[in-house]
Amino acid sequence: MKMERFDVVVIGGGLPGCFSARELSRLKLEIVLLEAREDVCTGVSRANTAVVYPGHDHKPGTLKAEMTVRANASFDRLCEELDVPFSRCGSLMLSFGPRSDAALRKKLRQGRENGVPGLRLLSADEAYRLEPTIASGLSSALYASTAGTVNPWQLGIAACENAVQNGVRLRLNTRVIAMRRENDDYLLETDHGALQARAVVNCAGLAADRVQGLLFPPAVRIVPTAGDYLVLDRNSVGKPTHILQVEPEEGEKGLTVVPTVEGSLLLGPTERENALDYATTENGLAWVREQAAHLLPGLALDGTIRSFAAVRPNPQRQDGSSIHSFCIEHPAERFWSLIGIKTPGLTCARELGAFLARRLAEELAAEENAGFDPVRRGIRRAHGLPFEERKALAERDPDYGEIVCFCEDVTKAEVLEAVRRGAVTVDGVKRRVGTGMGRCQGARCEQKIAALIAEALGVPESAVRKDGPGSEIVRAAHENV
Amino acid sequence: MRTFKLLVVGAGAAGISAALAAWDAGCRDVLLLDRAESMGGILPQCLHEGFGLTTFGQELTGPEYTARLAEKLAGTGVVFLPGTEVLSVSEERIAVLSRRGAVERLRFERLILASGCRERSIGSLPVAGTRPAGIFTAGQAQERINLRHQDLGDEILILGSGDLGMIMARRFTLGGKHVIAVLEQAVQYGGMARNHRRCIEAFSIPLRCRMTVREIHGEGRIRGVTAEHIDSGEREFIACDTLVTALGLIPERELVRGLEDRDWLSLVGNCHHVHDIVDSAAAEAARIGSLVGKRLAV
């Protein structure tokens, strides 16, 4: 059997992998993107704080500072190209005492040095005028007008679709088992056959250290940490309109509050070590509720519709010391690893991809792909369209008149398009069109969506999964009765 | 733009009863619509008996109850529009409707909202753990089993002993499944005594009071929960492959958010307040439907 040969193999379909593939597709290269799961953006990229940072959190001169500032400045254009909603709602870093006041002043200096525009240190009065929902006792606040929020999986999926549009081959359900060098090439063995590539880009998220370890000993290992979040319904009373980040006067972590692009409110995260799975903890959820009640006394927490856990690929040196930078390893020519991409990884996903693409362009002496099209069209949403447009849409495609998800106003046409674009699970549809993200959390649409997936894919409903291996929703027994 | 004197949103027992009563009171211009393809609301999935003792003088199943109402409705000139979602209702009394192939604006004089309830989801509780497959609300489980003929699992744990929780405990048992227990955080069952007798006692299903679920375990599929005895704080692992939540009903009024106090709007049935039995929701709806109908009578 002739082995498939590519110029670049990108391992891992999270945000870094999707954007690496997309940025590499600006070059005349044969690229394949491998993802172990049934869909892209199902790991670290699925659950995080969803913030596009301005860049004042990082020390001047560091890669994180430089990339974040650059990424933030071009985020509107990126989201326009990829047709992904982006809300530049601004953020307030909040201080309730002298120690935090000093921290805010330091962040202001740092931000100015990093070239962050739109930073302003506010008095408590000024901050309350901007955000009257905040509890009393505020001492000062650092306002960052350029902070924003984006839906992380929507952004990743969009990047992946754009990569595929530009010629990248996507291989799902494909896990790399072994790697070796042969002549000048890298040879990858997967659970679905072997392939050969001139270059490897390892973006394997939580497994990135192990994937590099298949061939080169990584200088960095990943020690996952986890965090818990709550999501509140969009109609919750007392919602803030800015991203709020508490700079803790005591203790190590303050709450972050994000008014998401979907309109819901995201609260979190906690931080704990030894994260084994995506399970929330009682203590974590209690902490988020407690902090939220303190910070936003008018917020109706009975509007909680969901809690979830995020896992972050925390990078450590082999001696156990923490690393605060992005770890970009280059253990051999044409082999690159992104290990431990956590905050601000969402903000910098494109920058990281562009960085790797520049390096590989040199190493592979690749030419520019003149046909590269940066524009990806998202799934046409019925919700929010002016009446006449929505009417015309439903008349042209009757499925646009049929509402499947009542809470989020998603039509059958959108669900079917999500499946056409690669969703094979109920959550895959959710990540593409937002079904089940509202106040009933899918109780009323899950079955309908599973049935639509089953029909579109020509499988029985019992084969349709919620999300990932072993998550089939119903049994086969009674079908066809 | 089509115009109706009376728009009734939701064709469950309450909506149909309101539309009927309005017609009988002399309003000859009624549009009744529902997002589902057929009428009855939640009734078609309620295959058990126990409906209609007050209204019809006998115990009917949900589909039978619906059929009786549908029959009455057929004798009137009420227009029924199935498969139609109301996207919005405005201050100007214009509703935007969406159904297969059509989005339209419709003007009305009065609106009766009969949109029922939604079920409280497990996400609203501070329950820790994973979010695997195999967790269903009681209503969702009922629909899947009774209308879609689906097999949800073998080892069933039910959280909440409201009427729906107890009825589903019996439904699973009758379907040959093992109901491990019904957990209830209060000191006794939450639903009606009748349902406790018929669904729990009659089938010797363990009802464990003063207990709740603290954590969910399982990666792809649920494999159990950590349950807590609320008084002692003692915890135990209960293995299950299916968790059914009956956590209560929330009146569904999102459509008229901000318009609740308008004099052209009436709320009837479970979207007004949660009724124990269908008859009482229907009776309340009929009373209000009649009042509204009289005002709109020609």
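Atom set for the values below is all heavy atoms of this structure, side chains included, hydrogens, waters and symmetry mates excluded. Here is the naming used below: chain letters follow the sequence lines, and residue numbers restart at 1 for every chain. Quick caveat: nothing in here was measured; it's all calculated off a predicted structure.
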Subject >> B:His48 atom NE2, neighbour heavy-atom count above 12 within 6.0 Å >> reply: yes
**OP:** Could you look at B:Leu97 and say if it's the side chain, the backbone, both or neither that has a heavy atom under 4.5 Å from chain A?
**Re:** neither
Original post:
Who wins among A:Glu402, A:Arg439, A:Lys412 for the most heavy-atom pairs under 4.5 Å with chain B?
Top reply: A:Arg439
Original post:
Are A:Asp427 and B:Arg131 ion-paired here, with the side-chain N under 4.0 Å from a carboxylate O?
Top reply: no
Subject >> Gap separating the CD atom of B:Gln140 from the CD atom of A:Glu446, nearest 0.5 angstrom >> reply: 5.0 Å
Subject >> Which of B:Glu119, B:Glu252, B:His217, B:Arg105 touches chain A most, by non-hydrogen pairs under 4.5 Å >> reply: B:Arg105
Original post:
Can you tell me if A:Thr304 uses its side chain to pair, donor with acceptor, with the backbone of B:Ser124 under 3.5 Å?
Top reply: no
**OP:** Using non-hydrogen atoms and a 4.5 Å limit, figure out which bit of B:Arg144 sits close to chain A: side chain, backbone, both or neither.
**Re:** side chain
Original post:
Which residue out of A:Tyr400, A:Phe308, A:Phe406 racks up the most heavy-atom pairs below 4.5 Å with chain B?
Top reply: A:Phe406
Subject >> From CD1 (A:Ile305) to CD1 (B:Ile122), nearest 0.5 Å >> reply: 14.5 Å
**OP:** Answer yes or no: is there a donor N or O on one side and an acceptor on the other, between the side chain of B:Arg221 and the main chain of A:Ile473, under 3.5 Å?
**Re:** yes
Original post:
Rounded to the nearest 0.5 Å, how far apart are CD1 of B:Ile135 and CD of A:Gln441?
Top reply: 11.5 Å
**OP:** Heavy atoms only: give me the nearest A:Ala279-B:Thr130 pair and the separation to one decimal.
**Re:** CB-CG2, 3.7 Å
Original post:
Are B:Glu143 and A:Arg444 ion-paired here, with the side-chain N under 4.0 Å from a carboxylate O?
Top reply: no
Original post:
When you look at CZ of A:Arg175, are more than 12 heavy atoms from neighbouring residues, nucleotides or ligands closer to it than 6.0 Å?
Top reply: no
**OP:** Could you tell me the separation between the SG atom of A:Cys440 and the CZ atom of B:Arg120, rounded to the nearest 0.5 Å?
**Re:** 13.5 Å
Original post:
For the atom pair NZ (A:Lys391) and CD (B:Glu104), what is the distance rounded to the nearest 0.5 Å?
Top reply: 8.5 Å
Original post:
Can you tell me if CD on B:Glu260 sees more than 12 non-hydrogen neighbours from other groups inside 6.0 Å?
Top reply: yes
**OP:** Can you see which heavy atom on B:Gly153 is nearest to which on A:Arg475, and at what distance?
**Re:** CA-NH2, 3.6 Å
Subject >> Derivation and outcome, side chain to side chain contact (heavy atoms under 4.5 Å, CB included), residues B:Leu87 and A:Asp409 >> reply: CA-CA 8 Å; B:Leu87 297 176; A:Asp409 187 16; 3.6 Å; yes
Original post:
Does B:Glu236 CD have over 12 foreign heavy atoms under 6.0 Å away?
Top reply: yes
Original post:
Taking everything shown except A:His294 itself, do over 12 heavy atoms lie less than 6.0 Å from its NE2?
Top reply: no
Original post:
Can you say whether A:Ser307 sits under 4.5 Å from chain B via the side chain, the backbone, both, or neither, judging by heavy atoms?
Top reply: both
Subject >> Heavy-atom pairs under 4.5 Å with chain B, option from A:His383, A:Arg465, A:Glu472, A:Arg396 with the top count >> reply: A:Glu472
Original post:
Side chain, backbone, both or neither: which part of A:Glu395 has an atom under 4.5 Å from a heavy atom of chain B?
Top reply: both
Original post:
Out of B:Asp154, B:Val127, B:Thr84, B:Val96, which one racks up the most heavy-atom pairs below 4.5 Å with chain A?
Top reply: B:Asp154
**OP:** Could you please spell out the steps behind the side chain to side chain contact (heavy atoms under 4.5 Å, CB included) verdict for B:Arg148 and A:Gln447?
**Re:** CA-CA 9 Å; B:Arg148 317 271 165 231; A:Gln447 193 275 325; 3.1 Å; yes
**OP:** Tell me, for B:Arg35 versus chain A, whether the close heavy atoms (under 4.5 Å) come from the side chain, the backbone, both or neither.
**Re:** side chain
Subject >> Exercise: identify the closest heavy-atom pair between A:Thr280 and B:Ala128 >> reply: OG1-CA, 3.1 Å
Original post:
By a 4.5 Å heavy-atom criterion (distance strictly below it), what part of A:Asn235 contacts chain B: side chain, backbone, both, or neither?
Top reply: both
Original post:
Which bit of A:Ala309 comes within less than 4.5 Å of chain B, counting heavy atoms only: side chain, backbone, both or neither?
Top reply: neither
Subject >> Nearest heavy-atom neighbours spanning A:Arg390 and B:Ser98 >> reply: NH2-OG, 4.5 Å
Original post:
Between A:Glu282 and B:Arg235, is there a salt bridge with N-O shorter than 4.0 Å?
Top reply: yes
Original post:
CD of B:Glu219 to OG of A:Ser471: how many Å apart, nearest 0.5 Å?
Top reply: 11.0 Å
